[in-house]
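Worksheet: one structure, shown below.
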Amino acid sequence: MESLKSKKATAFMSEQLTLSTKKKLLLIDGNSVAFRAFFALHQQLDRFTNHDGLHTNAIYAFKTMLDKVVKAVQPDKALVAFDAGKTTFRTGKFSDYKGGRSKTPEELSEQMPYLRDLLTGYGIKSYELKDWEADDIIGTMAREGEADGYQVIIVTGDRDLTQLATDQTTVAITQKGVSEIEYYTPAHVQDKYGLEPKQIIDMKGLTGDTSDNYPGVTKVGEKTAIKLLTQFDSVEGVYEHLDDIKQSKMKDHLIEDHDQALMSKDLATIRTNAPLAIHLDDIDYNGPDIDKLIAFYQQMDFNNFQKQLQNAGLSLDLGDDETSTALKTVSWTELTKDNLNLIDNFTDEVSFILEMPDENYHLSAFAGFVMTDGKQTLVSREVDLLQSAQIKNLMENGNIEKNVFNAKAQYVGLHRLGVKLVGVDFDLLLVSYLLDTNDNSNDLGSLAQQHGYDQVETDEAVYGKGAKRAIPDDDEQFFDHLSRKALAIQNLHEELFKELDQNEQRDLYVNIELPLTFVLADMEIAGVYVDTDQLTNMREKFKEQLSSLKQTIYNEAGEEFNINSTKQLGQILFEKMKLPVIKKTKTGYSTSVDVLEQLASQAPIVENILAYRGLSKLQSTYIEGLLKVVHSHDHKVHTRYLQTLTQTGRLSSVDPNLQNIPIQTQQGREIRKAFVPSHDGWEIFSSDYSQVELRVLAHITGDANLQEAFREDEDIHAATARRIFGLTSNDEVTPLMRRQAKATNFGIVYGISDYGLSQNLGISRPQAKQFIDTYFREYPDVKKYTEDVVEQAKKQGYVETITHRRRYLPDINAKSFNRRSFAARTAMNTPIQGSAADIIKIAMIQMQKALTDRDLKATMLLQIHDELVFEAPKEEIPILEKLVPSIMDSAVSLDIPLKVESAHGSTWYDAK
DNA sequence: ATATTCACG
DNA sequence: ACGTACGTGAATATA
């Protein structure tokens with residue numbers, strides 16, 4: 001989780017940087033970043049050598065960092081500063097400065113000259129200055145940039161540079177690796193140290209620095225220094241107010257080390273007046289020199305990077321419009337009712353876009369459309385034309401192949417116009433997702449750019465974003481963009497199909513994802529009827545209960561406050577009422593359920609807060625939330641299944657999310673009474689797979705004991721309990737044992753760790769470890785699987801499901817323990833969760849076909865990961881009771897049987 | 001926009 | 001020594 005969070009934080013900061021309209025100056029501390037880069041991939045030192053035996057790990061990691069930073073910052077000017085040599089003006093002041101440092105490893109220093117070549121390829125200047133350190137070059141250049149109105153971004157691995165942070169200068173510190181970056185603004189420095197940036201040098205003065213080998217004041221560390229500086233502002237301030245400090249050992253040390261403190265502060269101070277021979281005018285950044293880079297990558301044996309560049313033809317994947325080559329002009333013809341016969345030129349294939357500006361294609365307006373075959377491009381704002389006989393025939397003619405971006409959205413949009421989309425061959429969105437679930441931007445332009453096609457911009461670039469987003473009134477602008485998008489689809493068709501073939505994913509695309517997209521479209525269009533009276537009645541009831549709970553809570557607290565605010569609630573519980581703090585979040589006290597449950601016995605208010613929370617969740621998310629999205633004309637909700645989002649191959653559901661409707665508590669479960677059939681005399685029918693993920697686990701691992709349990713149709717958690725507790729019969733399994741075995745089973749599926757299991761079960765870590773060890777002893781092939789799959793991920797860089805769905809795990813070799821372990825757990829979990837997703841997808845396609853073939857009225861409405869929900873006339877229920885399970889359990893043939901359970905009733909609630 | 005919480009599989 | 005269960009979406013508060 002942590003790694004995800006930090007990714008998000010980084011992404012956010014990057015965006016902030018990009019958002020600023022100021023000119024940007026990027027300054028990189030070459031030596032420091034190279035050092036970090038070298039150690040980030042130190043474990044892989046041996047793997048990273050080129051044909052000449054040159055180590056390349058630092059160059060590789062530096063390149064990765066550079067891509068990231070350049071993309072985030074999009075600089076107008078850039079410079080990488082290097083240290084010039086061992087002696088500087090600082091060694092003149094203090095001969096031991098940076099003394100005692102172990103010298104740079106040969107494996108790194110041999111890479112330094114090539115780093116310069118890399119930078120030349122990137123079009124970024126390098127600079128060094130005798131007697132001065134890289135820091136001083138950066139400090140000087142930063143101030144020069146500030147004076148000229150630039151936003152300055154400094155990249156380094158050295159925290160001392162945070163002293164340079166100002167309103168105009170952000171210091172980006174590379175973390176453990178080099179691709180994780182923490183951005184220090186003055187506010188963030190304050191947060192982190194409780195000091196202003198300029199006080200960093202005072203802190204260094206007091207504490208000294210072991211790595212740079214200069215002394216501070218004896219026994220004064222970061223904590224003491226911060227305390228002193230908060231009180232006295234600076235080193236000088238401390239000494240002016242020595243009298244205010246009580247007699248103590250510390251005071252003696254301060255007095256004794258006065259000179260050292262002043263000297264150290266001086267050494268730590270980055271100069272902003274270095275006599276540079278290079279200035280802002282000399283360091284314009286105009287993007288990379290592709291040919292040079294390709295040659296360089298070839299020399300380094302960076303085959304992937306080289307290929308990327310060659311595929312891209314001209315542009316580097318920096319997502320940077322300014323660095324990519326200019327757009328060539330496109331020609332298009334505006335289609336009108338008078339030149340509709342131009343349509344007849346499309347005889348074999350056509351790339352098509354019906355442009356819908358809103359995300360929600362069930363409701364979006366239609367802005368226009370475009371059709372192209374690469375020779376002729378037709379555009380129009382008049383969507384009525386789509387309903388003309390010519391176009392309708394084209395769309396409904398399966399012999400003319402359609403290339404699109406998001407076939408489901410196109411199918412639904414056209415359906416709303418009374419046109420059926422038939423013959424889709426290439427869906428750029430879907431194919432991109434299968435090729436790499438990681439970069440699943442939903443924007444045609446950015447996906448096309450990622451695949452090396454640069455003749456198209458992102459929607460954001462053309463339409464704007466946020467409140468300013470709008471389809472341009474200018475025909476030329478709008479039609480150009482539409483045309484370029486359609487041409488991008490047209491052009492990427494063949495190449496991406498080739499890539500699918502290379503990945504053995506053609507079958508997954510042709511026989512699963514593409515057909516599924518239309519099954520999903522039909523489900524979305526069908527929608528689910530909602531009994532709004534049921535919901536409004538519940539709303540009234542809940543409203544009363546909530547306000548009475550609220551009063552009770554206020555009374556118990558002795559004041560009114562916002563119960564929904566974790567901050568205010570934390571103050572009441574942990575400050576006013578002095579309840580023990582069990583867990584903290586990074587912003588304050590945690591008040592989550594598990595914390596509150598532990599506190600419940602200590603104060604009655606806690607129980608009421610829990611009740612309030614539960615009720616208000618139901619009220620806002622499910623009652624009010626659902627009512628908001630019921631379509632008024634048909635009384636139904638039409639969710640959208642996102643088919644290209646999850647990293648595992650699962651679907652997700654939005655607007656509304658119908659995959660997380662409550663079921664666990666009685667109170668919540670009542671919500672399901674509002675989901676009813678859309679016709680009288682119909683019922684809701686539901687079938688779900690029993691323990692699919694564990695069955696998939698049994699299949700994939702081939703573990704004989706696990707497989708036996710499923711072949712015997714045992715209660716799997718009881719069987720596991722019997723095994724890990726060494727019992728002879730299931731009769732001896734107590735409920736507690738079963739619960740613990742169940743948690744262990746889940747843990748295995750999630751990529752187990754003893755810590756996670758201990759947290760979940762509330763047991764000690766050694767105990768959890770004991771469970772896991774026993775589990776692995778009883779199911780030895782499961783153990784082998786967990787090891788093999790991680791090994792495979794390390795070797796190939798990705799893991800696969802039973803249908804060759806692929807997930808890349810770039811962090812599997814990360815230096816950061818966190819990232820690496822997260823990737824390892826993911827490696828274990830993804831093939832299981834993903835294969836289960838594959839199975840139900842296959843079942844859905846077969847199911848839809850079976851319903852049509854048999855002319856049944858029954859309609860598939862929902863998929864909830866391991867469950868399918870239908871509505872059907874009562875007479876068809878007996879048919880479904882046989883048909884649905886038989887299709888679901890034979891969707892794929894595994895080494896063990898699949899099991900399906902069904903239920904039906906007058907509402908979703910009753911289908912239990 | 002991010003963090004927290006909580007609903008589901 | 002590190003500090004975690006896997007995959008999602010929505011509402012709310014807070015900045």
Side-chain angles (χ1 to χ4, degrees), chain A residues 1-5 8-9 11-13 15-16 19 176 187 437 466 562-570 583 585-596 610 613-614 616-626 628-629 639-642 645-665 668-669 671-672 688-689 691-693 743-744 746-761 765 768 772 807 815-834 836-837 840 862-867:
Chain A
M1 272 333 270
E2 189 50 43
S3 66
L4 285 183
K5 274 180 196 158
K8 273 189 186 163
F12 168 64
M13 291 306 298
E15 200 154 328
Q16 296 258 305
L19 278 176
K176 295 167 189 166
T437 51
N562 185 346
I563 307 169
N564 288 321
S565 159
T566 51
K567 200 174 164 196
Q568 294 180 37
L569 180 59
K583 206 166 74 182
T585 65
K586 66 171 131 177
T587 52
Y589 312 108
S590 170
T591 64
S592 58
V593 193
D594 54 318
V595 171
L596 294 188
L610 281 167
R613 277 253 182 94
S616 100
K617 172 87 177 175
L618 294 178
Q619 184 79 313
S620 62
T621 305
Y622 296 103
I623 311 266
E624 289 168 350
L626 224 40
K628 263 186 253 175
V629 292
T639 188
R640 277 154 44 230
Y641 289 104
L642 306 188
L645 182 134
T646 70
Q647 296 296 305
T648 55
R650 274 191 176 184
L651 302 175
S652 86
S653 156
V654 292
D655 287 344
N657 180 356
L658 293 180
Q659 292 181 317
N660 71 346
I661 303 300
I663 190 163
Q664 250 184 313
T665 67
R669 197 170 190 156
I671 305 266
R672 296 187 172 217
D688 67 285
Y689 283 112
Q691 309 292 359
V692 247
E693 293 197 346
T744 312
F746 272 105
I748 296 290
V749 170
Y750 292 156
I752 201 151
S753 74
D754 51 5
Y755 181 85
L757 184 63
S758 74
Q759 287 296 300
N760 188 286
L761 282 174
R765 219 168 129 166
I772 296 169
R807 179 175 186 176
K815 192 172 182 194
S816 147
F817 175 87
N818 258 338
R819 289 167 158 258
R820 201 174 57 248
S821 339
F822 184 73
R825 291 196 295 274
T826 312
M828 301 181 223
N829 173 263
T830 297
I832 298 166
Q833 191 183 114
I840 196 165
L862 299 173
Q863 187 251 45
I864 305 124
H865 309 307
D866 61 358
E867 175 188 7

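Just the heavy atoms: all of them, side chains too, but no hydrogens, waters or symmetry mates, feed the values below. Just so we're on the same page: letters track the sequence lines, and every chain starts at 1.
Side chain of T566(A), nearest nucleotide from dG7(C), dA13(C), dT4(B): dT4(B). Listed candidates were dT12(C), dG3(C), dG7(C). Nearest to the side chain of N829(A) is dG7(C). With dG7(C), dT4(C), dA7(B) as the choices, the nucleotide that has an atom nearest any side-chain atom of P662(A) turns out to be dA7(B). Of the candidate nucleotides dC8(B), dG9(B), dT12(C), dG9(B) has the atom lying nearest to any side-chain atom of D866(A). Residue R765(A) places its side chain closer to dG3(C) than to any other of dG3(C), dC6(B), dG7(C).
In this structure, the CG atom of L658(A) is 13 Å from the C1' atom of dA7(B), given to the nearest Å. As rounded to whole Å, 6 Å separates atom C1' of dC2(C) from atom CZ of F817(A). We find that CD of Q759(A) is positioned 9 Å from C1' of dT4(C), with the value rounded to whole Å. Going from atom CD1 of I661(A) over to atom P of dG9(C) covers 14 Å, rounded to whole Å. Note: CG (N760(A)) to P (dC6(C)) measures 12 Å, nearest angstrom. Spacing between atom CD1 of I832(A) and atom P of dG9(B) amounts to 19 Å, rounded to whole angstrom units. Taking atom CD1 of residue I671(A) and atom C1' of nucleotide dC8(B), one finds them 13 Å apart after rounding to whole Å. Separating the CZ atom of R613(A) from the C1' atom of dA11(C) is a distance of 12 Å, rounded to the nearest angstrom.
Heavy atoms of N660(A) sit under 4.0 angstrom from at least one base atom. Among the protein residues, G747(A) comes within range of the nucleic acid bases, having at least one heavy atom under 4.0 Å from a base atom. The residue L645(A) sits close only to the backbone: its heavy atoms come under 4.0 Å of sugar-phosphate atoms, none of a base. Using a 4.0 Å heavy-atom distance criterion, I663(A) is classed as a sugar-phosphate-only contact. Here V654(A) lies in heavy-atom contact (under 4.0 Å) with sugar-phosphate atoms only. Contacts of S753(A) with the nucleic acid, taken as non-hydrogen atoms under 4.0 Å apart, include base atoms. Nucleic acid contact class of A827(A) (heavy atoms, under 4.0 Å, all strands): none. Across all strands shown, S616(A) has no heavy atoms under 4.0 Å from either base or sugar-phosphate atoms.
Side-chain N/O atoms of T587(A) include one lying less than 4.0 angstrom from OP1 or OP2 on dT4(B). Under 4.0 angstrom from either OP1 or OP2 of dT4(B) there lies no side-chain N or O belonging to K567(A). Residue S565(A) places at least one side-chain N or O under 4.0 Å from the OP1 or OP2 atom of dT14(C). Considering only side-chain N and O atoms, R650(A) lies nowhere under 4.0 angstrom from the phosphate OP1 or OP2 of dC6(C). Contact annotation: S590(A) reaches the phosphate of dT5(B) (side-chain N/O to OP1 or OP2, under 4.0 Å). An OP1 or OP2 oxygen of dA13(C) is reached within less than 4.0 angstrom by a side-chain nitrogen or oxygen of N562(A).
On a pure distance criterion of 3.5 Å, no polar donor-acceptor pair joins the side chain of Q659(A) and the base of dC8(B). Side-chain to base pairing of S652(A) with dT8(C): no donor and acceptor N or O lie closer than 3.5 Å to each other. At a cut-off of 3.5 angstrom, the base of dT4(C) holds at least one donor-acceptor pair with the side chain of R825(A).
For T639(A) (side chain) and V654(A) (main-chain N/O), a donor-acceptor pair under 3.5 Å exists by modelled atom type.
Of the N and O atoms on the side chains of D594(A) and S592(A), at least one donor lies less than 3.5 Å from an acceptor on the other residue.
Closest-nucleotide positions on DNA chain C for E624(A) and K617(A) were compared, and the one nearer the 5' end corresponds to K617(A). Residues S653(A) and V749(A) each lie close to DNA chain C; by heavy-atom proximity, the contact nearer the 5' end of the strand is made by V749(A).
Taken to the nearest 0.5 Å, the CD atom of Q863(A) stands 12.0 Å off from the CG atom of D688(A). Note that CD1 of I772(A) and OG of S758(A) are 8.5 Å apart. Values are rounded to the nearest 0.5 Å. Here the OH-CG distance, from Y641(A) to D655(A), works out to 13.0 Å after rounding to the nearest 0.5 Å. For the atom pair L569(A) CG and N562(A) CG, the distance stands at 9.5 Å (nearest 0.5 Å). Between the CD1 atom in I752(A) and the CE atom in M828(A) there is a gap of 9.0 Å [rounded to 0.5 Å]. The structure places CZ of R650(A) at 10.0 Å from CD1 of I840(A), a figure rounded to the nearest 0.5 Å.
Separation of the P atoms belonging to dC2(C) and dC6(B) is 28 Å when rounded to the nearest angstrom. Comparing dG3(C) with dA7(B), their P atoms are spaced 29 Å from each other, to the whole Å.
With a cut-off of 3.5 Å on both Watson-Crick or G-U wobble distances, the partner of dC8(B) is given as dG7(C).
Both thresholds, 5.5 Å between centres and 30° between ring planes, are not jointly met by F822(A) relative to the base of dT4(C), so the two rings are not stacked.
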